2 protein chains.
Amino acid sequence: MAGRVTIATVAHHARVSRQTVSNVINAPQLVRPETRERVRAAIEVLGYRVSQAARQMRTGRSRLIAVRIGPAGDGINGSVLDRFLHGLTEAAAPAGYRVVLYTATGDDAEIAAYEELLGAHDLDGFVLTGTHPGDARTDWLARRGVPFVTFGRNWEAQPEPVFGGGEHSPTQHSKAQPEPAFGGGEHSPTLNREAQPEAVLGGGEHPWVDVDGAWGTRAATERLLAAGHRRVGFIGWPPGSAVGEDRREGWAAALRAAGVDLSGLERRVDDRVAEGERAAVDLLGTVDLLGTAGPSALVCASDSLALGALRAATAHGTAPGGIASPRIAVIGFDDTPVAQAVGLTSVSQPLTEAAAGCVALLIRLLDGGDHDGDLDREGEGEGDSGGRRHLLLRPRLVVRDSG
Amino acid sequence: MAGRVTIATVAHHARVSRQTVSNVINAPQLVRPETRERVRAAIEVLGYRVSQAARQMRTGRSRLIAVRIGPAGDGINGSVLDRFLHGLTEAAAPAGYRVVLYTATGDDAEIAAYEELLGAHDLDGFVLTGTHPGDARTDWLARRGVPFVTFGRNWEAQPEPVFGGGEHSPTQHSKAQPEPAFGGGEHSPTLNREAQPEAVLGGGEHPWVDVDGAWGTRAATERLLAAGHRRVGFIGWPPGSAVGEDRREGWAAALRAAGVDLSGLERRVDDRVAEGERAAVDLLGTVDLLGTAGPSALVCASDSLALGALRAATAHGTAPGGIASPRIAVIGFDDTPVAQAVGLTSVSQPLTEAAAGCVALLIRLLDGGDHDGDLDREGEGEGDSGGRRHLLLRPRLVVRDSG
DNA sequence: ATGAAAGCGCTAACAT
DNA sequence: ATGTTAGCGCTTTCAT
């Protein structure tokens, strides 16, 4: 190995100038095909790779995108984050980007991390997860003009974001039924925003990818209704979380559409198994003034809650006295390994597609719209992906024993 | 913002030469304290950050370490990988290193990824997970002299690696009982290898960090023995996996030490819930020629198997005839969210420490042993960590309802 | 202890 | 379509 193979080595080997080699790499159309091939052969033979450092120095761009990995249990995590990260890495690679990780506890610390990442490493862009109303991070990034995409829609900028839970009713989805990969982006007129100026609402109008939670809980609820249940309960998180409200809304919409009265059918608790169990016990024991019994099925905002509910449901089925009540159906959300393990029907987020969407959106920002083709990776024949800045994906209901 | 803040800006501001600024950053001891402070103040005021690209170009080092993120379900994954990655990122940052992700399916593809990462990005080192006997990756890296650490000991090079499961008996550990952070590295003489030449066994002698699985299953088994169980069964993976044999060994050692005959007490099946359940049913129904009943407790090589066993145990407890047998205790391995959710006692790997260990070992390789202090991060007063190239960490038994 | 000079490998701008 | 020039920001000699 006699020293590094540089562009000069290649140029010499192919008997062209260094600039021509550079052109073959960065602007092949400028080079005559014949020369181009000769250069490419030389690159191949010599095993040449461009030095990212040198390129970065010249262009100011690192071809690195960053994503935060929080401590376990913080926001999107566990196998969910794992799958998302894998999707990001896989989608970024073909476009020549790499994913780097960073940690931060709290928005302020995260902004400090941005300064560092941007200042020292010339990071090209960020993928943010766990965005929330009043998020200081998005403001900061937007103000600086740093390219970023969020996984999680911009709830602030979109006070009425119920694209998916709105008009069209979700059809039943079993595991066997394939889901159009990128078709999830609803074709609502609200989504065609490319004509709008860049910075509306103080930079709030950034690209995002999200999963239509309401659609998921609606599909879950409709499945239970179709199975003959009428009083379908809901166990969700305390009011205040946008994601939580979204998931609740799908359930509510489905019941309203079926003409079922919602009152007394829901509980809002913290996202823990024990809380879910308590809420379910409470709900299942309900008998109102008219003698109406509690729910016969439960839709939950998470697998944790659903797992608790499942325990309560099992206990309920084998109540004292030995009378076996008909089984209480339970459906969870997120399709975590826990759900798989215990046979819990659950709403599964298309994380790979979400990740690919984030990368595609981000790269469009970075490369200035040339790489449109990247959005078509899954080949779902969706020719007109151009210009869209938001992607709302449909989850999938994975049916198992529990419902 | 009038252009980038470079070392020249700082030099000018602090009225020193550029070189002095560089020295303040890279070799502070060379600069008179008074000058040093002036320069540091200037750096602070101007918000200067070194350009990694420029530095990298000069030094050939990127301060980037790479780790693979496989598709879900592949090897170490789910929340386990998640926690490990977080630990890596967190440990690498203070030493000035960043973690970049890559994917690859299969060893060959992974080697191709190395070429790319090394050639284009000047990656400084790798953390490998899921190593296996005959691993082509470690050979490749070792042959090229690329610094790397594996999470998972080098089974090939160490045919008798039972440091932890050997002599000393694990004491009982409850969740409340804290575990020395870095004390896990067993002080067995086998570990003091710094005197040995670098490349023994064809480069097989690379640094690694691992968790003492045998210790974990032994602790689990001893806990059950202490609770009065005698016939403690084991459900493990099919022979052939080094990790699987290690975990089995801990169980076997504990039973042997207690004078219990192992025969008829184990089943080896694929790592799936259903298989675990089947195996447990099988085991629990056993009655041998002498009329000895099946096991009264089960130690499992994974939480998946344990979950299945737990189901079988519950069913066994409420056998037809209504006679409530005494409850079958079950202990799993990995302390996954599933275990937490269902109240399964499980052996928990110290992933944060493992990650920190990987980073410390790798950085020692990279920075040539100057950064010894990094190993002491947890401040456990273990002054003499220097030179150790292997870290065998003790897991922790997290006690819950199931055992 | 501090300063001056050189050059890492690349690409943008400007020739040809 | 191809070649020439310059310089990105840093650190490593070497000199003072």
Side-chain angles (χ1 to χ4, degrees), chain A residues 1-40 42-43 46-63 96 118-122 124 367-368, chain B residues 1-40 42-43 46-64 96 118-124 367-368:
Chain A
M1 315 300 183
R4 202 187 208 293
V5 178
T6 77
I7 213 172
T9 325
V10 177
H12 190 252
H13 191 98
R15 308 198 301 159
V16 295
S17 74
R18 282 156 51 213
Q19 182 52 32
T20 300
V21 177
S22 175
N23 283 338
V24 169
I25 296 163
N26 302 297
Q29 72 284 1
L30 296 183
V31 183
R32 195 194 315 152
E34 158 195 327
T35 316
R36 197 192 302 158
E37 279 322 308
R38 202 167 72 242
V39 172
R40 285 202 170 128
I43 288 177
L46 298 168
Y48 165 79
R49 317 252 168 185
V50 313
S51 155
Q52 272 303 325
R55 168 183 276 181
Q56 175 179 347
M57 209 154 158
R58 198 62 187 117
T59 63
R61 306 201 21 224
S62 62
R63 312 223 106 195
L118 256 15
H121 296 266
D122 285 318
D124 289 349
D367 296 0
Chain B
M1 318 301 181
R4 203 190 205 292
V5 178
T6 78
I7 211 169
T9 326
V10 177
H12 190 253
H13 190 98
R15 309 196 303 159
V16 295
S17 75
R18 284 155 52 212
Q19 181 48 33
T20 301
V21 178
S22 176
N23 281 340
V24 169
I25 297 164
N26 301 298
Q29 72 284 3
L30 296 184
V31 183
R32 193 194 317 151
E34 156 196 327
T35 317
R36 198 192 302 158
E37 278 322 307
R38 203 167 71 243
V39 171
R40 284 205 170 125
I43 289 177
L46 299 167
Y48 166 79
R49 319 253 166 183
V50 313
S51 157
Q52 270 305 324
R55 169 182 277 181
Q56 177 179 346
M57 209 154 155
R58 199 66 184 108
T59 61
R61 307 199 25 222
S62 61
R63 313 223 105 194
L64 256 28
L118 255 15
H121 295 265
D122 285 318
L123 249 93
D124 289 349
D367 295 0

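Chain naming here is simple, since letters A, B, ... match the order of the sequence lines and numbering starts at 1 in each. Values reported hereafter were calculated over all heavy atoms of this structure, with side chains retained and with hydrogens, waters and symmetry mates removed. Keep in mind it's a predicted model, so treat the numbers as computed, not measured.
Atoms NE2 and CD1, on B:His12 and B:Ile7 in that order, are 15.0 Å from each other to the nearest 0.5 Å. Atom CD of residue A:Gln56 and atom CG of residue A:Asp122 lie 5.0 Å apart, to the nearest 0.5 angstrom.
At a non-hydrogen distance threshold of 4.0 Å, A:Ser17, A:Arg18, A:Gln19, A:Thr20 from residues 17-26 of chain A come into contact with DNA chain D. Using a 4.0 Å cut-off on heavy atoms, the residues of residues 48-59 of chain B that approach DNA chain C are B:Met57, B:Arg58, listed by number.
If you run side chain to side chain contact (heavy atoms under 4.5 Å, CB included) between B:Arg40 and each of B:Val24, B:Ile25, B:Val10, B:Thr35, only B:Val24 comes through.
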Check: Under the side-chain contact (heavy atoms from CB on, under 4.5 Å) criterion, do B:Asp124 and B:Leu64 qualify, and how do the steps go?
Finding: CA-CA 6 Å; B:Asp124 289 349; B:Leu64 256 28; 5.8 Å; no
Check: What do the steps show when you test A:Ser51 against A:Arg4 for side-chain contact (heavy atoms from CB on, under 4.5 Å), and what is the final call?
Finding: CA-CA 10 Å; A:Ser51 155; A:Arg4 202 187 208 293; 3.8 Å; yes
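Between B:Ser62 and B:His121 the shortest heavy-atom distance is CB-O, 3.4 Å. Considering all non-hydrogen atoms of both residues, A:Val39 and A:Val16 come closest at CG2-CG2, 4.0 Å. Scanning both residues, A:Gln29 and A:Arg36, for their nearest heavy atoms gives CA-NH2, 4.4 Å. In this structure, A:Ala14 and A:Arg38 approach most closely via the heavy-atom pair O-NE, 2.9 Å.
Here C:dA6 presents its P atom at 18 Å from CD1 of B:Ile7, a figure rounded to the nearest Å. Between B:Arg38 atom CZ and C:dA1 atom P there is a gap of 15 Å when expressed in whole angstrom units.
With a heavy-atom cut-off of 4.0 Å to chain A, the contacted part of DNA chain D has its first and last nucleotide at D:dA1 to D:dG9.
Two residues are said to be in side-chain contact when any heavy atoms from C-beta on lie closer than 4.5 Å; B:Asn26 and B:Arg55 meet this criterion.
Residue B:Arg32 places at least one side-chain N or O under 4.0 Å from the OP1 or OP2 atom of C:dT2.
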